[in-house]
Each structure stands twice: as structure tokens, then as C-alpha cells.
2 protein chains.
Amino acid sequence: MSDRKKIEIDAIDKKLLIELLKDSRISLRRLAEEMNVSPATLHNRLMRLVQEGVVKGFTALIDYSKLGYPVTSILMIKVDGKHILEFEKEVSNLDNVVAVYDVVGEYDVMLIAKFRSIEDLDTFIKSLLKNPKIERTYTSIVLNVVKEDPRIKII
Amino acid sequence: MSDRKKIEIDAIDKKLLIELLKDSRISLRRLAEEMNVSPATLHNRLMRLVQEGVVKGFTALIDYSKLGYPVTSILMIKVDGKHILEFEKEVSNLDNVVAVYDVVGEYDVMLIAKFRSIEDLDTFIKSLLKNPKIERTYTSIVLNVVKEDPRIKII
DNA sequence: TTTGAAAAACATCACTT
DNA sequence: AAGTGATGTTTTTCAAA
């Protein structure tokens with residue numbers, strides 16, 4: 001779980017974050033010029049944002065279907081109540097899993113995972129079901145990933 | 001929809017992608033040194049990967065709860081069959097939406113969205129329901145984002 | 001916290017192998 | 001398809017404001 005404490009950011013931080021969200025390989029120097037601050041200021045701001053955990057990292061956005069991972073699936077899982085946290089920790093560490101959400105309702109955990117084939121998904125589900133903490137699962141294969149982008153517009 | 005055609009990548013491309021997934025602000029020069037290739041080679045490889053759409057962009061990973069977006073929710077939506085594609089396109093453009101999946105079953109579309117408050121989520125749902133293409137929705141509020149990371153381990 | 005300045009590191013390009 | 005070398009940029013650091 002991430003720390004929920006809201007961090008105060010000013011207009012400079014916000015502009016910096018917006019530009020890094022758009023393109024994390026941008027040069028701080030050019031951005032500084034555009035913003036009329038010194039490169040050192042942006043450098044300091046960025047260090048602070050990383051240090052405070054607002055910025056968790058920098059990454060490339062990849063089209064996984066082009067790399068041979070065309071199958072995306074959504075799994076809903078009902079876990080024995082005492083072991084939900086432990087189970088979530090376990091699945092979070094699995095290589096194919098991109099998201100794990102704690103939800104309420106008929107199921108306890110929702111996860112999104114990507115695979116090279118339906119066979120790999122099948123193997124994944126079968127290995128999950130061996131886990132005695134799991135009571136029930138529901139699998140939905142995604143026909144089409146219409147959008148998958150971790151960025152929201154910050155205001 | 002992304003193009004599904006698998007692109008062939010060799011060991012150099014793969015290493016480059018893995019390192020960019022880990023840290024997209026890495027310098028190609030340093031990485032080239034580590035890999036015993038020239039910086040120009042990595043530069044060319046990266047240009048090709050971007051050009052072919054394997055790399056869709058570079059971004060910062062942000063802890064949105066620290067920026068004042070503590071509410072994540074999952075919405076399942078049943079859409080009037082003729083208008084699914086059109087609806088998906090519409091919601092993909094909304095600022096709060098991070099993922100839109102085409103699924104089969106009781107609902108047609110699953111979307112994940114982030115909000116500043118439950119009130120904002122409520123407003124969002126009410127505005128969705130005004131859309132005559134929508135027949136039914138089911139909303140699940142995420143109690144805890146256990147993992148949310150667009151990166152999978154590529155092999 | 002921000003700046004300016006300077007050194008070290010970097011990206012990029014035309015050219016070569 | 002990959003490397004080399006040149007050129008202009010960029011990052012990073014730090015003393016001073």
C-alpha cells in the first residue's frame with residue numbers, strides 16, 4: 001500500500017510533473033528555459049518529488065502485444081478472509097500481473113495480467129487454484145485493450 | 001486498438017527495453033558502455049522501436065494518492081450493442097480514465113478511473129448514465145490499490 | 001530555495017567500416 | 001547494421017545570494 005498523505009506541490013512542481021508525464025526523457029534544461037527558472041531549480045524540485053515518493057519512477061510505455069503478449073485478462077478472486085493481505089502480496093510479485101485491487105463484493109481481489117498465450121493464462125489460473133487460500137475465481141478475457149495508460153490529467 | 005503484429009527484437013533491443021522500463025531517464029551512453037555497443041547503435045535501435053510503435057512513449061510513474069487522487073474505481077458497463085466502439089472511444093478520452101477494456105459477459109466494457117473524491121466519482125457515474133447508449137453499470141470502489149504498475153517482465 | 005557558472009557527461013549526426 | 005569522432009547540449013554540483 002502506498003502512503004496516502006497528500007503532498008503539497010506548487011505551480012512549478014505541477015508543470016514539471018505534467019511535462020515528465022508527457023515525456024520523461026525531456027531535458028530539464030529546455031523545460032527550465034520554457035518556464036523561466038534555472039535548470040538547477042528543476043533538478044532540485046525533481047529530487048524532492050522523487051524523495052517524497054510522488055514520483056515513483058520513470059518508465060517506457062510499451063505495446064506488449066507487439067512484443068508477443070497479446071492476451072490481457074481480468075481475474076476476480078474470492079480469498080479465505082484471513083489470508084487476503086498475504087495473498088495480495090504473493091500475486092503482486094508475479095511477473096505477469098500489472099494490477100492488483102482490493103475490492104468489496106462477491107470477490108475480494110481483482111487482478112489484471114498479461115500473457116503470451118491463452119495456454120499461459122490457463123497455466124497461471126491453474127497454479128492460482130492450487131492455492132488453498134482461494135475459494136473461487138472468475139476469469140474474463142479482454143477482447144480488446146481500448147486504452148491502457150497510467151497517466152491521468154492532474155489539475 | 002493497437003496494431004497486434006508482433007515485432008522481432010534481438011538481444012540488444014531487449015536489453016535496451018528492459019533498462020528503459022526500469023528507468024526511462026537512463027543515458028544511452030552509459031548503457032551503451034555497459035553493453036559494449038556504441039551509443040549511436042542504441043540511439044538507432046531506440047528510434048526504430050519508437051517508430052515501430054513498440055515504445056509508445058516515456059513517462060513518470062506517479063503516486064496519485066499523494067497528489068490528491070485517492071479514489072480508484074472499477075466500472076462495468078453494459079452498452080447498447082450497436083454503440084460499443086463509439087462509447088469506448090468517448091470514455092477513452094476522459095481525463096480520469098486510465099484503462100478501458102472490451103470484455104465479454106454480463107457487461108461489455110470495463111473501465112478503471114481515478115478521482116479526487118467519492119463525490120467526483122459520483123458525478124462521473126451520473127454523467128455516464130445520462131448517455132442513452134448505456135443500459136446498465138456496476139461500480140466497485142477499490143479499497144486498496146495493492147499494485148498498479150504497467151511493466152511486465154519481458155522474456 | 002534559487003541562481004549562475006563550470007566540469008563532466010550526453011545526444012545526435014554525418015561519415016566510415 | 002554498427003562504429004567513430006565532432007559538435008552542440010545537458011546534467012550535476014556547489015558556492016553565493
Side-chain angles (χ1 to χ4, degrees), chain A residues 3 5-69 150-151 154-155, chain B residues 3-68 150-151 154-155:
Chain A
D3 189 347
K5 205 183 62 177
K6 190 178 170 189
I7 305 283
E8 289 308 318
I9 61 163
D10 68 7
I12 295 174
D13 293 323
K14 187 180 290 181
K15 173 76 173 162
L16 173 57
L17 286 173
I18 288 170
E19 295 303 321
L20 287 169
L21 280 168
K22 258 193 247 168
D23 176 10
S24 59
R25 284 183 71 81
I26 193 179
S27 103
L28 297 184
R29 175 191 245 254
R30 201 194 311 268
L31 185 55
E33 222 162 273
E34 192 186 318
M35 294 170 66
N36 295 309
V37 295
S38 79
T41 297
L42 289 191
H43 187 251
N44 292 339
R45 296 302 188 102
L46 183 49
M47 301 272 276
R48 174 185 161 249
L49 289 167
V50 169
Q51 208 253 309
E52 285 185 318
V54 175
V55 174
K56 294 184 288 182
F58 303 100
T59 194
L61 297 172
I62 302 287
D63 184 336
Y64 287 104
S65 66
K66 287 193 172 150
L67 283 185
Y69 290 83
R151 300 174 282 194
I154 57 180
I155 53 168
Chain B
D3 190 347
R4 298 275 152 84
K5 205 185 59 179
K6 190 178 169 189
I7 305 283
E8 289 307 318
I9 62 164
D10 68 7
I12 295 175
D13 293 323
K14 187 181 289 182
K15 172 75 173 163
L16 173 57
L17 286 173
I18 288 170
E19 295 302 322
L20 287 169
L21 280 168
K22 259 194 246 168
D23 176 10
S24 59
R25 283 185 71 80
I26 194 178
S27 97
L28 296 186
R29 179 188 268 236
R30 201 195 312 268
L31 184 56
E33 223 161 274
E34 192 187 320
M35 294 171 65
N36 294 310
V37 295
S38 81
T41 297
L42 290 191
H43 186 251
N44 291 338
R45 296 302 188 102
L46 183 50
M47 300 271 276
R48 174 185 162 250
L49 289 167
V50 169
Q51 209 253 310
E52 286 185 317
V54 175
V55 173
K56 293 184 289 182
F58 304 100
T59 194
L61 296 171
I62 302 286
D63 184 336
Y64 288 105
S65 66
K66 287 192 172 151
L67 283 185
R151 298 173 285 194
I154 56 181
I155 52 170

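Proteins come first, then strands; the chains are lettered A, B, ... in the order of their sequence lines, and each starts at number 1.
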Check against side-chain contact (heavy atoms from CB on, under 4.5 Å), A:Tyr69 and B:Lys6: CA-CA 9 Å; A:Tyr69 290 83; B:Lys6 190 178 169 189; over 6 Å; no
5' to 3' contact window, DNA chain D with chain B (heavy-atom distance under 4.0 Å):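 Span of nucleotides near chain B: D:dA2 to D:dT11.
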Side chain to side chain donor-acceptor pair (under 3.5 Å) against B:Thr59, all qualifying residues, sequence neighbours excluded: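 Checked B:Thr59 against side chain to side chain donor-acceptor pair (under 3.5 Å); zero matches.
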To the nearest 0.5 Å, what is the distance between [atom1] ([X]) and [atom2] ([Y])?
X       : Y        : atom1 : atom2 : answer
B:Ile26 : B:Leu20  : CD1   : CG    : 7.0 Å
A:Ile18 : A:Ile155 : CD1   : CD1   : 10.0 Å
A:Asp63 : B:Ile7   : CG    : CD1   : 8.5 Å
A:Leu67 : A:Ile62  : CG    : CD1   : 6.0 Å

Positional range of nucleotides in DNA chain C within the contact set of chain B, heavy-atom, under 4.0 Å: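 In short, chain B contacts DNA chain C from C:dC10 to C:dC13.
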Sub-4.0 Å heavy-atom contacts from residues 37-46 of chain A onto DNA chain C, ordered by number: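 Heavy-atom cutoff 4.0 Å gives A:Val37, A:Ser38, A:Ala40, A:Thr41, A:Asn44, A:Arg45.
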Derivation of the side-chain contact (heavy atoms from CB on, under 4.5 Å) call for B:Leu61 and A:Phe58: CA-CA 6 Å; B:Leu61 296 171; A:Phe58 303 100; over 6 Å; no
Five-pair end axes of the helix from C:dT1-D:dA17 to C:dT17-D:dA1 and the angle they enclose, rounded to 10°: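 The angle, to the nearest 10 degrees, is 40°.
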With sequence neighbours excluded, residues passing salt bridge (charged side-chain N to carboxylate O under 4.0 Å, His left out) with A:Lys14: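 With neighbours one apart ignored, the set is empty.
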Any pair counted as side-chain hydrogen bond (donor to acceptor under 3.5 Å, both in side chains), so long as it reaches residues 19-28 of chain A, sequence neighbours left out: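 Output for this query lists A:Lys15-A:Glu19, A:Glu19-A:Lys22, A:Ser24-B:Ser24.
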Under 3.5 Å, side-chain donor or acceptor atoms of residues 29-37 of chain B against the rest of the protein: list the pairs with distances, not counting sequence neighbours.
none

B:Leu16 vs B:Leu49, side-chain contact (heavy atoms from CB on, under 4.5 Å): CA-CA, chis, key distance, verdict: CA-CA 10 Å; B:Leu16 173 57; B:Leu49 289 167; 4.2 Å; yes
Residue mapping more 5' on DNA chain D - nearest nucleotide basis, A:Glu33 or A:Met47: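 In this pair, the answer is A:Glu33.
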Of residues 13-25 of chain A, the positions that come close to DNA chain D - non-hydrogen atoms, cut-off under 4.0 Å: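 The stretch gives none, as no residue of it lies under 4.0 Å from the strand.
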Exercise: identify the closest heavy-atom pair between A:Leu42 and A:Leu28: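 The pair with the smallest heavy-atom distance is CD1-O, 3.5 Å.
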Pairs touching residues 41-55 of chain A that satisfy salt bridge (charged side-chain N to carboxylate O under 4.0 Å, His left out), sequence neighbours left out: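 As it turns out, the salt bridge (charged side-chain N to carboxylate O under 4.0 Å, His left out) pairs with a partner in residues 41-55 of chain A, which skip direct neighbours, are A:Asp10-A:Arg45, A:Asp13-A:Arg45, A:Asp13-A:Arg48, A:Arg48-A:Glu52.
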